[in-house]
Enquirer: 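This structure is in structure tokens; I'll ask about it shortly.
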Amino acid sequence: MPAKVPVSFFSSKSPVHDLFLGQLDHAEDIRRDSEVSLFYFYAPWCGQSVAVREEIEKVASSLADQVLFVAINCWWNQGKCRKQKQFFYFPVIYLYHRSFGPIEYKGPMNAVYIEKFVRRVMTPLLYISSQSKLQQFLSHYEPGVLGYFEFNASPQPPGYLTFFTSALHSLNKGDKWNKHLAQGLQKTLSQETGIPGLVAPEAQVEFVASLPTKQGKTPRAGCPPLCPGQRNRPAANSLCAAGTSDYLGSIHFGVITDKLIAKEIPLTISGSVYLHRHVNASLVSSSVSLLHLILAKRPRSDAPFHFWTPA
């Protein structure tokens with residue numbers, strides 16, 4: 001007996017474009033006209049897909065004028081999504097910033113947190129326009145990355161695109177990768193500054209986000225596509241409980257365009273980058289090539305992360 005043709009998962013009045021026949025090719029076509037896009041991959045039978053649908057609706061209602069929201073049925077066996085994607089859980093949320101992506105959202109399936117992450121993808125750089133904002137950045141984001149770029153001579157200074165893309169790369173890395181990045185940064189700072197103790201366990205870099213532990217691990221909401229005994233019936237499980245820790249613990253990036261503010265760090269050359277750990281234990285690079293190597297190359301999840309310093 002042939003499977004029933006799917007019906008719409010979202011309301012016709014919803015700001016979310018619902019491709020309930022799994023038209024992945026159409027989704028790719030329409031996102032080309034949007035600066036930021038969110039793809040919501042769902043399975044109609046999945047209890048969590050149903051529960052998170054309302055959360056996506058809330059975010060779309062708030063940001064639909066700035067972000068394209070597309071829902072795709074990735075379970076319909078005749079749809080292109082099912083044929084081309086192999087997801088091991090549902091729902092799955094991907095974000096795109098123009099040609100960059102996908103960036104998978106792995107935080108709590110809650111509208112507040114999803115919207116925060118979408119806004120991070122919309123504006124991956126924090127613009128530091130005053131000394132007070134600089135101090136606020138240094139106080140709240142540790143580790144953090146600051147870049148100084150002069151826009152007077154060129155609409156896009158050399159290195160700025162790499163810096164911007166690196167900020168997006170950092171959002172796409174997992175907690176374990178960010179931990180290796182922090183440890184590598186810590187070792188580099190110790191070597192460059194000659195300050196002892198930075199590589200000692202008690203001085204390890206701490207991220208804004210709490211890395212999961214064996215006892216306090218926060219589960220990620222998601223339905224395995226083939227739960228035992230649930231191949232032909234809706235999943236009975238509802239939205240998994242998710243912690244409220246700041247999962248946005250990727251490294252924050254800030255950009256400075258004012259020479260006087262940049263000198264406070266100090267940065268004096270356009271295109272230079274400041275990696276912030278402590279005021280007296282940070283690394284200044286005269287080139288964003290270091291940053292590109294740090295963030296554009298992802299090691300194996302279990303491999304140590306190595307840093308390169310410019311000559």
Side-chain angles (χ1 to χ4, degrees), residues 3-31 34 36-96 101-122 218-227 230-244 247-248:
K4 292 183 179 180
V5 177
V7 296
S8 179
F9 194 64
F10 285 79
S11 166
S12 59
K13 298 180 181 180
S14 171
V16 180
H17 298 266
D18 187 9
L19 304 181
F20 56 88
L21 295 178
Q23 308 101 302
L24 185 61
D25 52 344
H26 182 57
E28 293 292 344
D29 286 340
I30 61 177
R31 82 170 179 85
S34 300
V36 177
S37 306
L38 182 148
F39 283 9
Y40 179 70
F41 298 98
Y42 67 87
W45 57 264
C46 172
Q48 270 133 235
S49 292
V50 174
V52 178
R53 174 176 57 188
E54 181 178 353
E55 305 301 313
I56 296 296
E57 290 265 20
K58 292 178 182 177
V59 181
S61 297
S62 175
L63 298 176
D65 60 334
Q66 304 173 71
V67 177
L68 173 68
F69 287 82
V70 183
I72 308 167
N73 181 350
C74 217
W75 188 256
W76 172 236
N77 59 9
Q78 295 182 33
K80 287 195 175 181
C81 186
R82 176 71 181 272
K83 295 176 180 178
Q84 296 180 18
K85 300 289 186 181
Q86 294 182 341
F87 293 126
F88 296 98
Y89 51 82
F90 289 103
V92 174
I93 298 176
Y94 280 177
L95 284 115
Y96 297 86
I103 303 171
E104 184 176 358
Y105 171 77
K106 296 181 179 180
M109 292 296 183
N110 173 281
V112 173
Y113 288 92
I114 295 172
E115 182 173 339
K116 283 183 180 180
F117 191 81
V118 174
R119 290 186 181 276
R120 281 286 301 277
V121 175
M122 292 168 62
T218 301
R220 183 198 186 281
C223 297
L226 293 176
C227 299
Q230 295 183 351
R231 181 184 294 269
N232 297 313
R233 62 185 178 87
N237 50 338
S238 60
L239 182 65
C240 299
T244 57
Y247 68 94
L248 298 176

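Count residues from 1 along the sequence.
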Enquirer: Which heavy atom of Ala111 sits nearest a heavy atom of Val59, and at what distance?
Expert: O-CG2, 3.5 Å
Enquirer: Determine the minimum heavy-atom distance between Trp75 and Pro44, stating which atoms define it.
Expert: CB-CD, 3.9 Å
Enquirer: If we ignore hydrogens and angles and just use 3.5 Å, is the side chain of Tyr40 paired with the main-chain N or O of Asp18 as donor and acceptor?
Expert: no
Enquirer: Are the side chain of Gln23 and the backbone of Leu21 linked by a donor-acceptor contact shorter than 3.5 Å?
Expert: yes
Enquirer: Give the C-alpha distance, both sets of side-chain angles, the deciding distance and a yes or no for side-chain contact (heavy atoms from CB on, under 4.5 Å) between Val67 and Leu95.
Expert: CA-CA 10 Å; Val67 177; Leu95 284 115; 5.5 Å; no
Enquirer: Under the criterion side chain to side chain contact (heavy atoms under 4.5 Å, CB included), which of Glu55, Lys116, Glu115 is the partner of Asn110?
Expert: Glu55
Enquirer: Locate the shortest heavy-atom distance separating Leu19 from His26; write the atom from each residue and the value.
Expert: CD2-CD2, 3.6 Å
Enquirer: Below 4.5 Å, heavy atoms only, C-beta onward: do Arg119 and Ser62 meet side chain to side chain?
Expert: yes
Enquirer: Mind checking the OH-OG spacing from Tyr96 to Ser37? Nearest 0.5 Å is all I need.
Expert: 8.5 Å
Enquirer: Identify which one of Phe87, Phe9, Tyr105, Phe90 satisfies the ring pair (Phe, Tyr, Trp, His ring centres under 6.0 Å) criterion when paired with Phe41.
Expert: Phe87
Enquirer: Could you grab the distance from atom CZ of Arg31 to atom OH of Tyr94, nearest 0.5 Å is fine?
Expert: 12.0 Å
Enquirer: How close do Lys80 and Asp25 get, heavy atom to heavy atom, and via which atoms?
Expert: NZ-OD2, 3.2 Å
Enquirer: Quick one, Glu57 with Arg53, criterion salt bridge (charged side-chain N to carboxylate O under 4.0 Å, His left out). Give me CA distance, side-chain angles, the key distance, then yes/no.
Expert: CA-CA 6 Å; Glu57 290 265 20; Arg53 174 176 57 188; over 6 Å; no
Enquirer: Would you name the heavy atoms of Val36 and Val121 that are closest together and state the gap between them?
Expert: CG1-CG1, 4.3 Å
Enquirer: Taking atom CD1 of Ile72 and atom CG of Leu24, what is their separation to the nearest 0.5 Å?
Expert: 5.5 Å
Enquirer: To the nearest 0.5 Å, how far apart are NZ in Lys83 and CG in Asn77?
Expert: 8.0 Å
Enquirer: Testing the basics here: between Asn73 and Cys81, what is the closest heavy-atom pair and its distance to 0.1 Å?
Expert: O-CB, 4.0 Å
Enquirer: For the CZ atom of Phe69 and the OG atom of Ser34, what is their distance to the nearest 0.5 Å?
Expert: 10.5 Å
Enquirer: Nearest 0.5 Å please: distance from the CG atom of Leu63 over to the CE atom of Met122.
Expert: 5.5 Å
